[in-house]
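None of these values were measured; they are calculated from a predicted model. To find a chain, count down the sequence lines: A is the first, B the second, and so on, and within it residues start at 1.
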Amino acid sequence: MRDKYYFEEVEPKWQEQWEKDRLYRVDETPDRPKFYLLEMFPYPSGRIHMGHVRNYSIGDVMARFRRMNGWNVLHPMGWDAFGLPAENAAIQHGANPAGWTRENIAHMRKQIKRMGYSYDWAREVATNDPAYYKWTQWLFIQLFKKGLAYRKSQKVNWCPSCATVLANEQVVNGACERCDTPVIRRQLEQWFFRITDYAERLLHNLDAMQGWPEHVKTMQRNWIGRSEGMDLDFVVADTGEKLTVFTTRHDTVYGVTYLVIAAEHPLVERLIAGRPNEDELRRFVSQVISQDDIARTAEDTEKVGMFTGGYAINPASGEKVPIWIGNYVLMDYGTGAVMGVPAHDQRDLEFARKYGLPVKAVISPPGAELNGHTMECAYVDDGVQINSGQFDGMPSGEARPAMARYLESSGKGRPTVHYKLRDWLISRQRFWGAPIPIVYCKHCGQVPVPDADLPVMLPTGVKFMPTGQSPLLGCPEFVNTTCPVCGGPARRETDTMDTFVCSSWYFLRYTSPESHDHAWDKAKADYWMPVDQYIGGVEHAIMHLMYARFFTMVMRDLGLVSVDEPFKNLLTQGMVLLGGHKMSKSKGNTVDPDDIVGKYGADTARLFTLFASPVERDLEWSDEGVEGCWRFLQRVWRLVYQCVESSGCSQPAEAPAAPAANATAASGDDVLRVRRAAHAALKKVTEDVGARNSLNTAIAAIMEYVNALYSLKDAVVGHERGDAAMAEAIDFLIVMLAPFAPHITEELWHAVGHGESVHSQPWPKYDPEALAVESVEIAVQVNGKVRDRIMVPVDVTEDAALAAAMASPRVSAVIGSASVKKTILVPGKLLNIVVQTA
RNA sequence: GCCGGAGUGGCGGAAUGGCAGACGCAGGGGACUUAAAAUCCUUUGCUCGAUGAGGGCGUGCGGGUUCGAAUCCCGCCUCCGGCACCA
């Protein structure tokens, strides 16, 4: 055995051996419970970063731990390979997106393999592979056939100079990041998925998802934003057109003094056409439309509005109220129109005061009277209806159902539920994505591409210009086609799909990546699904996870899978920071995993990212911390080395060179201590990894264990019982550390004389008897302040503990002549004596 | 702005109603060495006290509940993530 851990030799050696032995290949085996462990697959940006290392190291510990505990573990890896950066590289450096992506994947695969993760690489997928996106397109068509994919007009960020749509990220201070031209908001026909049809199910299922963090479920609930209320039909005076508003407070309908509609509302045009101030109104409308939605709805943004000149009739009171256009009303939510009830809504009150609109109180607080002219605060609570026609005098709690019945029976309103969740816009006016498999025919309309013609391949040899439209548009051999129905000339859709579509089903593809005639093999998907543990950044808590859930539900409704929810347990890991900021190339605060692995090896890099912080929290990078992990692994190596060399482990015993003179006498107790340390560490690590996802404390426990073995080894090694205990202790140590540091442990496992891979070993069970102790130290508090610590039997009674405590001079000195009112004993921890000073 | 999260020694963190600071880093002292590195041992929250014995304070800030609060409740502050075309 060598005296040090030479990772440069050991790590590649075992990586090759594991691959040769196909150690991490899996199949569907019915005799063992299955465990599907998945980390969010990476975008192939070119190099892995520490965030990846952290994500995959967490996943690998959990995968290896499960495997050792008898589970059949599926642990795959792949590439979320479509997206904007490849296209930017093409535009800026003339790169070919496919080639650029291929090279990035090749490099990153090499980097990931160097980390020694236990992936089944035979299942690797890449979303830009035609064999993959064929099925992305096929799934699109299934949604289209179900009526879940449709086209409608939507506002986009448009750069007039580049003549292209910009991602929000490409808009910097309202201007195009490339050419600095001010960005305008423009309507464009786009494809959508009807995720709102699934809003109720997406919301409802969350209640049963015990394996998800509560804060993620809360974010998803808020994002879905279910709101119960009523749609109320106002009628535009003069034209008689219906103007429907959504309200959660229909009990205040008699208090409406104005309506506000969104600048995008379809009635805007007819309302403002021909008004004397039409130009001014149009300027206002386009100015509001150009504001982004966050700014429009922000509470500290000034609410601005303009009177259209039109009026509407209140369905309850018959009163005529002015119709305004306001920046704070969004077309995307509710009906795009709201009723203004300034007496009972603070935002409405501020708007009314600003523009001199009347304030009419219709709910009276108990024992008080509201004055519409002077009130400064809207009254939003329940009360008694006033100025509300036939409902006057009713408590508002009773008035609500009565008014709902009245409005509904007279056909002027109906109860409805609205959601903040909007349909999913999947169109991208870009090249590097899965083409939307639709053909436009003059006669037949929107025609899905037949299955036999899939995939609709991305063309090759496309020119990317620094300006101009989607490259697919300028590609006649792609655009021009024939209609699959009538055979006439037709045009292909040139939009590609949002990459979130590709990543909404990759976990299904992993279950049978070789499947040629189906997106996945249903029997295999049924065996593996759901994903038992999903791990990724919390930044994906809403969008990716919501889309993947939606997709899984649709697939289930199509009979393609049997689960409704794809991810049983979710772990959201924190970011890797340097100097308090997220590592990023643009900030120049990155640490390259290659540098760390080159200097210390993969095991050290893995160990540090797991040890430095709890998995769910952010991790502050520290070169010194890495150094510490490196030292720890060397310390483990030396411990095993010394035991092996001094014949304390499994090798045949020889006479110890210099046995400690007094070792024999103490060795009995120390043997027990070794066993206790081994089993205590095993218990802690088993619970921390298996039940708490607390990897940092598991590693700390192993470190403590190593410290304990160092202080005990000289006393026990060289004695028959001691050597046996030490051999067991060393085996435990290697096995416990194996999921965290797979290379060094594999080498040590063989060095102490074992044959098979340590990663195929069963996880040992701890022996509760080895942990048993007779007495324990407890803290003695007087009125909650610790005054002393005493040894008591583990099963001490409260009276006996009190007596023992009173025998302590420190305790009795503090108590003095005060009388003991009561005592609280927390077994094994403390005794609190509550005293009353005379 | 809205939604979610976090705040504990010089630093990363531990303790989820019961001894605050496990474990690691950094620092101090020592051993080994011609020397250094490596390693091993030891010490280390702040403060008063004499460097002792002993005491006080201490988990972002202000209140509260409790025998007992880093942990639970109310109100703030600061930082981080998401906000629908980055992935």
Side-chain angles (χ1 to χ4, degrees), chain A residues 4 40-43 45 80 82-85 88 154 156-157 165-171 190 195 213-216 218-223 225 293-301 332 420-430 498-500 503 537-544 546-547 572 574-575 577 580-582 608 611-614 616-629 631-632 634-635 638 694 696-697 699-704 707 710-711 777-786 788-789 810 821-826 828-835:
Chain A
K4 275 198 280 189
M40 291 179 185
F41 65 168
Y43 176 78
S45 56
D80 186 14
F82 278 133
L84 207 50
N88 285 339
Q154 169 80 23
V156 295
N157 296 315
V165 179
L166 299 180
N168 286 340
E169 197 189 49
Q170 295 173 300
V171 179
Q190 310 245 51
I195 191 172
E214 208 52 53
H215 67 267
V216 174
T218 303
M219 279 193 270
Q220 292 218 343
R221 283 191 190 104
N222 293 338
W223 183 263
D293 293 354
I294 292 179
R296 272 168 73 169
T297 50
E299 208 147 82
D300 60 349
T301 302
D332 290 317
K420 280 208 198 78
L421 180 69
R422 306 201 296 261
D423 275 343
W424 175 11
L425 193 169
I426 60 140
S427 278
R428 297 291 182 269
Q429 289 68 41
R430 306 191 191 285
D498 179 5
T499 56
F500 276 129
S503 58
V538 71
E539 65 271 21
H540 295 289
I542 297 180
M543 299 193 5
H544 163 62
M546 186 84 76
Y547 295 144
T572 54
M575 293 183 306
L577 312 177
H581 300 285
K582 184 175 180 165
F608 174 72
F611 175 62
S613 141
E616 298 215 272
R617 297 253 288 269
D618 290 349
L619 179 156
E620 178 68 31
W621 187 264
S622 155
D623 288 337
E624 292 78 19
V626 176
E627 195 88 35
C629 288
R631 280 201 294 261
F632 169 68
Q634 292 293 359
R635 195 166 145 82
R638 275 193 306 276
S694 183
N696 58 326
T697 54
I699 293 169
I702 299 175
M703 289 173 168
E704 279 184 83
N707 292 343
Y710 262 95
S711 57
E777 186 185 78
I778 65 168
V780 180
Q781 294 184 337
V782 178
N783 288 345
K785 268 185 184 303
V786 178
D788 202 358
R789 294 173 171 83
R810 286 176 174 182
K821 275 181 71 190
K822 69 168 175 175
T823 57
I824 296 110
L825 176 70
V826 182
K829 295 203 165 145
L830 64 72
L831 176 74
N832 188 12
I833 306 169
V834 184
V835 301

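- Residues satisfying the side chain to side chain contact (heavy atoms under 4.5 Å, CB included) test with A:Pro42, not counting sequence neighbours, are A:His52, A:Tyr56, A:Met77, A:Trp79, A:Met108.
- With sequence neighbours excluded, the residues satisfying side chain to side chain contact (heavy atoms under 4.5 Å, CB included) with A:Asp332 are A:Gln154, A:Asp293, A:Arg422.
- With sequence neighbours excluded, the residues that form a side chain to side chain donor-acceptor pair (under 3.5 Å) with A:Trp621 are A:Asp623.
- Under the side chain to side chain donor-acceptor pair (under 3.5 Å) criterion, A:Glu627 pairs with A:Tyr600, not counting sequence neighbours.
- Judged as a salt bridge (charged side-chain N to carboxylate O under 4.0 Å, His left out), and not counting sequence neighbours, the contacts of A:Asp788 are A:Arg810.
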Which atom pairs link the protein and nucleotides 67-77 of chain B when you take only N or O atoms and keep those under 3.5 Å?
residue: B:C67; atom: O2; partner: A:Asn832; partner atom: ND2; Å: 2.6

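- Under the side chain to side chain donor-acceptor pair (under 3.5 Å) criterion, A:Asn783 pairs with no residue, sequence neighbours left out.
- In this structure, the CH2 atom of A:Trp424 is 12 Å from the P atom of B:A87, given to the nearest Å.
- In terms of position along RNA chain B, the nucleotide closest to A:Glu627 lies nearer the 5' end than the nucleotide closest to the other residue of the pair A:Glu627 and A:Lys420.
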Restricting both atoms to N or O, compile the protein contacts to nucleotides 37-47 of chain B shorter than 3.5 Å, with distance only.
residue: B:U39; atom: O3'; partner: A:Arg638; partner atom: NH2; Å: 3.2
residue: B:C40; atom: OP1; partner: A:Arg635; partner atom: NH1; Å: 2.5
residue: B:C40; atom: OP1; partner: A:Arg638; partner atom: NH2; Å: 3.4

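- Distances shown here put a side-chain N or O of A:Arg428 below 4.0 Å from the OP1 or OP2 atom of B:C85.
- Among all heavy-atom pairs drawn from A:Arg635 and A:Tyr710, the shortest one is O-OH, 2.7 Å.
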Which pairs, protein N/O on one side and nucleotides 57-63 of chain B N/O on the other, fall under 3.5 Å?
residue: B:C57; atom: OP2; partner: A:Lys785; partner atom: NZ; Å: 3.2

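- To the nearest 0.5 angstrom, A:Glu539 atom CD is 10.5 Å from A:His544 atom NE2.
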Once base and sugar-phosphate atoms are separated, protein heavy atoms under 4.0 Å mark nucleotides 9-15 of chain B, 5' to 3', with B, S and - as ---BSSS

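- Heavy atoms of A:Gln170 sit nowhere under 4.0 angstrom from any nucleic acid atom.
- Across all strands shown, the partner of B:C76 is B:G60, judged by Watson-Crick or G-U wobble contacts whose two distances both fall under 3.5 Å.
- By the side chain to side chain donor-acceptor pair (under 3.5 Å) test, A:Thr823 pairs with A:Glu798, sequence neighbours left out.
- To the nearest 0.5 Å, atom CH2 of residue A:Trp223 and atom CE of residue A:Met543 are 6.0 Å apart.
- Rounded to whole Å, the distance from CG on A:Asn222 to C1' on B:C3 is 5 Å.
- Counting non-hydrogen atoms under 4.0 angstrom, A:Gln190 reaches a base of the nucleic acid.
- Checked against side chain to side chain contact (heavy atoms under 4.5 Å, CB included), A:Asn157 has the following partners two or more places apart in sequence or in another chain: A:Leu166, A:Asn168, A:Val171, A:Val183, A:Arg185.
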